[in-house]
Amino acid sequence: QVQLVESGGGLVQAGESLRLSCTASRSFFSFNDVGWYRQGPGKQRDLVARLNRGGSPNYADSVKGRFTISRDIGKMYLEMNSLKPEDTGVYYCNAVFDWRNYWGQGTQVTVSS
C-alpha cells in the first residue's frame with residue numbers, strides 16, 4: 001500500500017501562483033510514474049502533469065509553460081504560475097507502484113477572476 005497526502009491548495013486570484021506538495025509513504029524515486037491530476041466542477045479527473053522515472057515531464061496542453069512538476073525523495077511538487085479560473089478544481093497526487101495507481105484525497109484550488 002502507498003499513502004499520498006496533498007497540501008498547498010487555496011483561493012487565489014487570476015494571475016497569481018500556488019505551490020502544491022504531495023507527501024508519500026515511500027520515496028518518490030521508487031515510483032516509475034508520478035503526477036498530478038485535477039477534477040474541475042462537473043468534469044472528469046484529467047491529467048495535469050506527470051514525471052516518469054527518468055525525469056521526463058508530460059503536461060496537459062492547457063498548463064504547458066505555466067506549471068512545473070518536480071520531486072525529491074520526500075515530496076512531489078506542482079508549481080502553478082499565471083493561474084486562470086479554468087484551473088479551478090480538486091488536485092490529486094498520483095503514483096504508480098507495483099502496477100497499481102494510488103491517489104491522495106485531493107486539495108482544492110480555486111482561482112477567481
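Being a predicted model, the structure only gives us computed values, none of them experimental.
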Show, in sequence, the C-alpha distance, side-chain angles and deciding distance for Val109 and Thr88, and conclude whether the side-chain contact (heavy atoms from CB on, under 4.5 Å) test is met. CA-CA 5 Å; Val109 173; Thr88 293; 5.9 Å; no
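- In this structure, Lys64 pairs ionically with Asp61, as a charged nitrogen and a carboxylate oxygen lie closer than 4.0 Å.
- A donor-acceptor contact shorter than 3.5 Å links the side chain of Glu6 to the backbone of Gly106.
- Take Gln105 and apply the side chain to side chain donor-acceptor pair (under 3.5 Å) test, not counting sequence neighbours, and it matches no residue.
- The two atoms that bring Asn81 and Ser17 nearest to each other are ND2-OG, 2.9 Å, heavy atoms only.
- The neighbour count for Gln3 CD, taken as heavy atoms of other residues, nucleotides or ligands under 6.0 Å away, does not exceed 12.
- Under a hydrophobic clustering in which Ile, Leu, Val, Met, Phe, Trp and Tyr are joined whenever their side-chain heavy atoms come within less than 4.5 Å, directly or via other members, Val12 and Tyr91 fall into the same cluster.
- In the hydrophobic cluster analysis, where Ile, Leu, Val, Met, Phe, Trp and Tyr join through side-chain heavy atoms closer than 4.5 angstrom, Leu83 is grouped together with Val48.
- A donor-acceptor contact under 3.5 angstrom links the side chains of Asn94 and Asn101, judged on distance only.
- Listed for the Arg53 side chain is a donor-acceptor partner under 3.5 Å among the backbone atoms of Phe29.
- Between the side chain of Tyr59 and the backbone N or O of Ile69 there is at least one donor-acceptor pair closer than 3.5 Å.
- Across Ser25 and Gln1, no two heavy atoms sit closer than the pair OG-O, 4.2 Å.
- One distance of note links CG of Leu47 with CG of Asn58; it measures 6.0 Å at 0.5 Å rounding.
- The two residues Gly9 and Thr107 have their closest heavy-atom pair at N-OG1, 3.2 Å.
- Using a distance-only test at 3.5 Å, with no hydrogens or angles considered, no donor-acceptor pair links the side chain of Thr68 to the main chain of Glu79.
- Cluster membership check: Tyr92 does not share its hydrophobic cluster with Met80, using side-chain heavy-atom separations under 4.5 Å among Ile, Leu, Val, Met, Phe, Trp and Tyr.
- Contact detail for Ala14 and Pro85: the closest heavy-atom pair is CB-CD, 4.2 Å.
- Using a 4.5 Å cut-off between side-chain heavy atoms of Ile, Leu, Val, Met, Phe, Trp and Tyr, with links allowed through other members, Tyr77 and Phe67 fall into different hydrophobic clusters.
- Across Trp36 and Leu20, no two heavy atoms sit closer than the pair CH2-CB, 3.7 Å.
- Between the side chains of Gln44 and Asp46, a donor-acceptor pair is found at a separation under 3.5 Å.
- For the residue pair Phe31 and Arg71, the shortest heavy atom distance occurs at O-NH1, 3.5 Å.
- Contacts of Asp33 classified as side chain to side chain donor-acceptor pair (under 3.5 Å), with partners at least two apart in sequence or in another chain: Arg50.
- Between the side chain of Asp72 and the main chain of Gly74, a donor-acceptor pair closer than 3.5 Å is present.
- Phe97 and Tyr102 have tilted rings, their planes meeting at an angle from 30° to 60° on a 0 to 90° scale.
- In terms of modelled atom types and a separation under 3.5 Å, the side chain of Arg45 and the main chain of Arg38 share no donor-acceptor contact.
- Ring-centre distance between Trp103 and Tyr37: below the 6.0 Å cut-off.
- The distance from atom CG of Leu78 to atom OG of Ser21, rounded to the nearest 0.5 Å, is 9.5 Å.
- If you check the side chains of Thr110 and Gln108, you find a donor sitting under 3.5 Å from an acceptor.
- Linking Ile, Leu, Val, Met, Phe, Trp and Tyr whenever their side-chain heavy atoms come within less than 4.5 Å leaves Phe28 and Val96 in two separate clusters.
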